[in-house]
Enquirer: 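I have a structure here, written as structure tokens, and I will follow up with some questions on it.
The model shown is predicted, which means the values in this text are computed figures rather than measured ones. Sequence lines set the chain letters: A, B, ... in the order given, protein chains first and strands last, and positions in each chain run from 1. Hydrogens, waters and symmetry mates play no part in the numbers below; they use all other heavy atoms, side chains included.
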2 protein chains.
Amino acid sequence: MPTGHKRQGSALEANRRDELLRAAARLFVEKGFDATTTRDIAEAVGMRSGSPFYHFRSKQDLLKAAMIEGLEASHQRLQAAVAGINDPERRLRVMIRNHLGILLEGDCHAPMLVYESRSLGITARTEIAAVSDRYQQDWQATLEQLAASGKLRLPAKPMRLLLFGMLNWSRQWYRPNGGLSLDEIAEAAAEMVLA
Amino acid sequence: MPTGHKRQGSALEANRRDELLRAAARLFVEKGFDATTTRDIAEAVGMRSGSPFYHFRSKQDLLKAAMIEGLEASHQRLQAAVAGINDPERRLRVMIRNHLGILLEGDCHAPMLVYESRSLGITARTEIAAVSDRYQQDWQATLEQLAASGKLRLPAKPMRLLLFGMLNWSRQWYRPNGGLSLDEIAEAAAEMVLA
DNA sequence: CCTACCGATCGGTAGG
DNA sequence: CCTACCGATCGGTAGG
């Protein structure tokens, strides 16, 4: 049953690859790209030091893949969360809460990985910018809809930039069980944005 | 004239030390702590690779000193800028514009160095947090004054956190001669904060 | 995916 | 502050 074996082998390999990506994403966000060694990543998934290079050509390739796949997963999660919500104000509130969830709950915190782009060459940075832009465009569209009906305190573009600042910077100060819950942060941010 | 020599020597040494601090601050913000080698820093001021260690015990000491002295200089610059401004709304606007200037103009960008704290031990981190807190307290006081007269859209503390997010995150997207000038960003941020 | 290993780099030091 | 150098670590590879 060689085909069977092959299929199973591929599935297992894909699993191991995903484990590496998740561990790498977590460690890169926690300690930064340079402070994370490929040995750290290998150990986090129970491999020996040389083995990650069976799945990825280089450490930079690992970062690039973690960023692209993490951002795409975040984007899909966002689109699933707003599916069917037509009122732009409600949609924005759901997007904000969803973004905070990706950022502050769970393990991967994909949007923060963008900060590590400077460790990559310009080619990879361009690819990542394209994925990131698609995520931003959903926000831009909703913000423009709100601006058109006079519900935004600023034009859509500067508003988007300042809004992402409020949300993404929360990683610097947010503590679970701290002064503010995710719902409260989301509500405060929405309050600032909407007229 | 040994005393004369000594004084001159000390002054020159202090100058070299300051040059190292400025170069280190710039490189740490640009490339990150780990990606910056002590050789990079030495070269930036025209020294040989071992010489920074005549002025600083370790690379971490260099970061710590750059952070503390950079934050204190920023704080003094802020206090000088608001000296004599009694209207809290005008004071906040000046503080915002001043913070953006420190962040986005010039060379050192001290507030961004705080992001590199994770490369230090807990003792140094605590010292730095104390300096940083003094900077934050001036903001907190002004925001509370505004909140007391109903001019703030949110309570002072969450407002301070979200405001710093808007401002500090601008380093990620701001480009000189880009779409928004520093004055425009400052105005937009103030618009979001004030009721 | 492991074992064994290499070349390069880097923080830091001794001695002047 | 320079010269000369060391020990450790790290990304990456060969060969199985």
Enquirer: Can you tell me the distance, in whole Å, between the NZ atom of B/K59 and the P atom of C/dC10?
Expert: 9 Å
Enquirer: Quick one: label B/S51 by what it contacts on the DNA or RNA (base, sugar-phosphate, nothing), any heavy atom closer than 4.0 Å.
Expert: base
Enquirer: Between B/F164 and B/W139, is the gap from one ring center to the other below 6.0 Å?
Expert: yes
Enquirer: Taking the basic N atoms (NZ, or NE/NH1/NH2) and the acidic carboxylate oxygens, is any pair closer than 4.0 Å for B/K31 and A/D34?
Expert: no
Enquirer: Is there, by distance only and without an angle test, a donor paired with an acceptor across the side chain of A/R57 and the base of D/dG12 below 3.5 Å?
Expert: no
Enquirer: What is the separation between atom CG on B/L20 and atom P on D/dC2, rounded to the nearest whole Å?
Expert: 10 Å
Enquirer: Could you walk me through whether B/E43 and B/R39 pass the salt bridge (charged side-chain N to carboxylate O under 4.0 Å, His left out) test, one step at a time?
Expert: CA-CA 6 Å; B/E43 194 182 11; B/R39 285 164 168 83; over 6 Å; no
Enquirer: How are the rings of A/Y135 and A/H75 set relative to one another: parallel (under 30°), tilted (30 to 60°) or perpendicular (over 60°)?
Expert: perpendicular
Enquirer: Taking CZ from B/F53 and P from D/dC1, how many angstroms apart are they, rounded to a whole number?
Expert: 14 Å
Enquirer: Is C/dG15 paired to anything, Watson-Crick or G-U wobble with both distances less than 3.5 Å, and if yes, which nucleotide?
Expert: D/dC2
Enquirer: Assuming nearest nucleotide by heavy-atom distance, tell me which of A/D40 and A/G50 is located more 5' along DNA chain D.
Expert: A/D40
Enquirer: Atom CE of A/M47 and atom P of C/dC2: how far apart are they, to the nearest Å?
Expert: 7 Å
Enquirer: What's the CG-P distance between B/N15 and D/dC1, to the nearest Å?
Expert: 10 Å
Enquirer: For B/R39 and D/dC1, give me the distance from atom CZ to atom C1', rounded to whole Å.
Expert: 16 Å
Enquirer: Does D/dT3 have its OP1 or OP2 closer than 4.0 Å to a side-chain nitrogen or oxygen of B/R48?
Expert: yes
Enquirer: Between C1' on D/dG11 and NZ on A/K64, what's the gap in Å once rounded to a whole number?
Expert: 18 Å
Enquirer: What is the nucleic acid contact for B/R16, judged by heavy atoms within less than 4.0 Å: base, sugar-phosphate only, or nothing?
Expert: sugar-phosphate
Enquirer: What is the distance, rounded to the nearest whole Å, between atom CZ of A/R17 and atom P of C/dC1?
Expert: 12 Å
Enquirer: Between A/H55 and B/D34, which has a closest nucleotide on DNA chain C that is more 5'?
Expert: A/H55
Enquirer: Select one nucleotide: of C/dC10, D/dG12, C/dC1, the one nearest the side-chain heavy atoms of A/Y54.
Expert: C/dC1
Enquirer: Given the rule that I, L, V, M, F, W and Y join up when any side-chain heavy atoms are under 4.5 Å apart, are B/L163 and B/V94 in one cluster?
Expert: yes
